[in-house]
Amino acid sequence: MAIPSTALAMNFHLADSDAEGNFRTSAAERLERLRASWIGAEAALSVIAELDAEHVEQRVLRLAERFEAGALELGASVVRAGRGSHIRVIRIDDTARVAAAFDVAQIKARFIEDRLRVGVHGFNDDDDIDRALAALRAGLGNAR
């Protein structure tokens, strides 16, 4: 994969400069960081290109359905509009308590008012769903 020449300007962050806009790192240091980030990106894109998109989608939807079914068993109600998605939203009574349980379990999710939004992605697996349901159970104070 060739790196486009326009990419060189993309990785110079504000953290590289002081308040007046003067660079704190040399051009060589910034270029080396850029080169290292593209090496990782190239490897990741190679792996992604080899994946069967339909298989990944079906697996992700299965995991999302599993999370939703488990949440229903724990007493949460489902908020859904339209067809199935990798994003699931459930309504919960004590958002703060569930959010704290998710933090302890180091699970990233979004909490808005009385709702929990979970996005299942291609890198997730059944163990991740088990952990999310265990955190939900703990947050709900459910011994099931």
Side-chain angles (χ1 to χ4, degrees), residues 1-4 6-19 21 23-26 28-144:
M1 169 194 282
I3 299 173
T6 56
L8 295 178
M10 294 169 52
N11 203 34
F12 299 148
H13 301 288
L14 291 176
D16 288 336
S17 59
D18 60 22
F23 282 113
R24 291 186 286 211
T25 55
S26 71
E29 289 172 313
R30 293 189 308 274
L31 183 60
E32 190 55 38
R33 271 189 277 159
L34 174 67
R35 194 172 299 142
S37 68
W38 275 99
I39 291 169
E42 182 177 9
L45 289 172
S46 295
V47 170
I48 290 169
E50 293 177 15
L51 296 175
D52 178 342
E54 187 173 324
H55 174 75
V56 172
E57 179 182 23
Q58 292 306 312
R59 188 170 81 52
V60 166
L61 291 175
R62 178 188 62 80
L63 291 171
E65 287 290 334
R66 188 167 162 254
F67 173 79
E68 185 177 285
L72 284 170
E73 286 179 19
L74 294 172
S77 61
V78 175
V79 178
R80 183 189 305 197
R83 62 185 196 125
S85 168
H86 72 288
I87 296 172
R88 299 301 163 112
V89 180
I90 62 171
R91 187 170 283 118
I92 52 179
D93 291 331
D94 192 345
T95 308
R97 190 169 164 183
V98 174
F102 270 61
D103 283 344
V104 168
Q106 297 182 331
I107 299 171
K108 301 292 182 198
R110 180 120 192 227
F111 295 88
I112 305 168
E113 297 176 11
D114 65 341
R115 296 174 184 192
L116 161 62
R117 178 189 182 276
V118 174
V120 181
H121 299 280
F123 52 81
N124 292 123
D125 59 20
D126 284 297
D127 290 340
D128 294 324
I129 300 303
D130 291 341
R131 286 180 45 240
L133 290 172
L136 181 59
R137 182 180 302 110
L140 294 173
N142 214 329
R144 287 187 213 180

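Just so it is clear, the structure is predicted and the values come from calculations on it, not from any experiment. Nothing fancy with the numbering, it's 1 onward along the sequence.
Arg97 pairs by the side-chain hydrogen bond (donor to acceptor under 3.5 Å, both in side chains) definition with nothing, not counting sequence neighbours. For Glu65, the side-chain hydrogen bond (donor to acceptor under 3.5 Å, both in side chains) partners at least two apart in sequence or on another chain are Arg88. Checked against side-chain hydrogen bond (donor to acceptor under 3.5 Å, both in side chains), Arg66 has the following partners two or more places apart in sequence or in another chain: Asp126, Asp130.
Among residue pairs with one or both ends in residues 49-74, none qualify as ring-ring contact (aromatic ring centres under 6.0 Å, His included); sequence neighbours excluded.
Contact annotation: the side chain of Leu140 never approaches that of Asp94 to less than 4.5 Å [non-hydrogen atoms, C-beta and beyond]. No side-chain heavy atom of Asp127 sits less than 4.5 Å from a side-chain heavy atom of Arg131.
Heavy atoms only, all atoms of each residue included: Ile92 and Ala76 are closest at CG2-CB, 4.3 Å. When all heavy atoms of Ala71 and Ile90 are compared, the pair lying nearest together is CB-CD1, 3.8 Å. Among all heavy-atom pairs drawn from Phe102 and Ala132, the shortest one is CZ-O, 3.7 Å.
Distance CD/Gln58 to CG/Asp52: 10.0 Å, rounded to 0.5 Å. Considering CG of Leu61 and OG of Ser85, their distance stands at 7.0 Å, rounded to 0.5 Å. Expressed to the nearest 0.5 Å, how far CD of Glu73 lies from CG of Leu136 amounts to 11.0 Å.
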Can I get a per-line list of side-chain donor-acceptor pairs under 3.5 Å for residues 103-124, giving both atom names and the distance, sequence neighbours left out?
residue, atom, partner, partner atom, Å
Asp114, OD2, Arg91, NE, 3.0
Asn124, OD1, His121, N, 2.7
Asn124, ND2, Asp128, OD2, 3.2

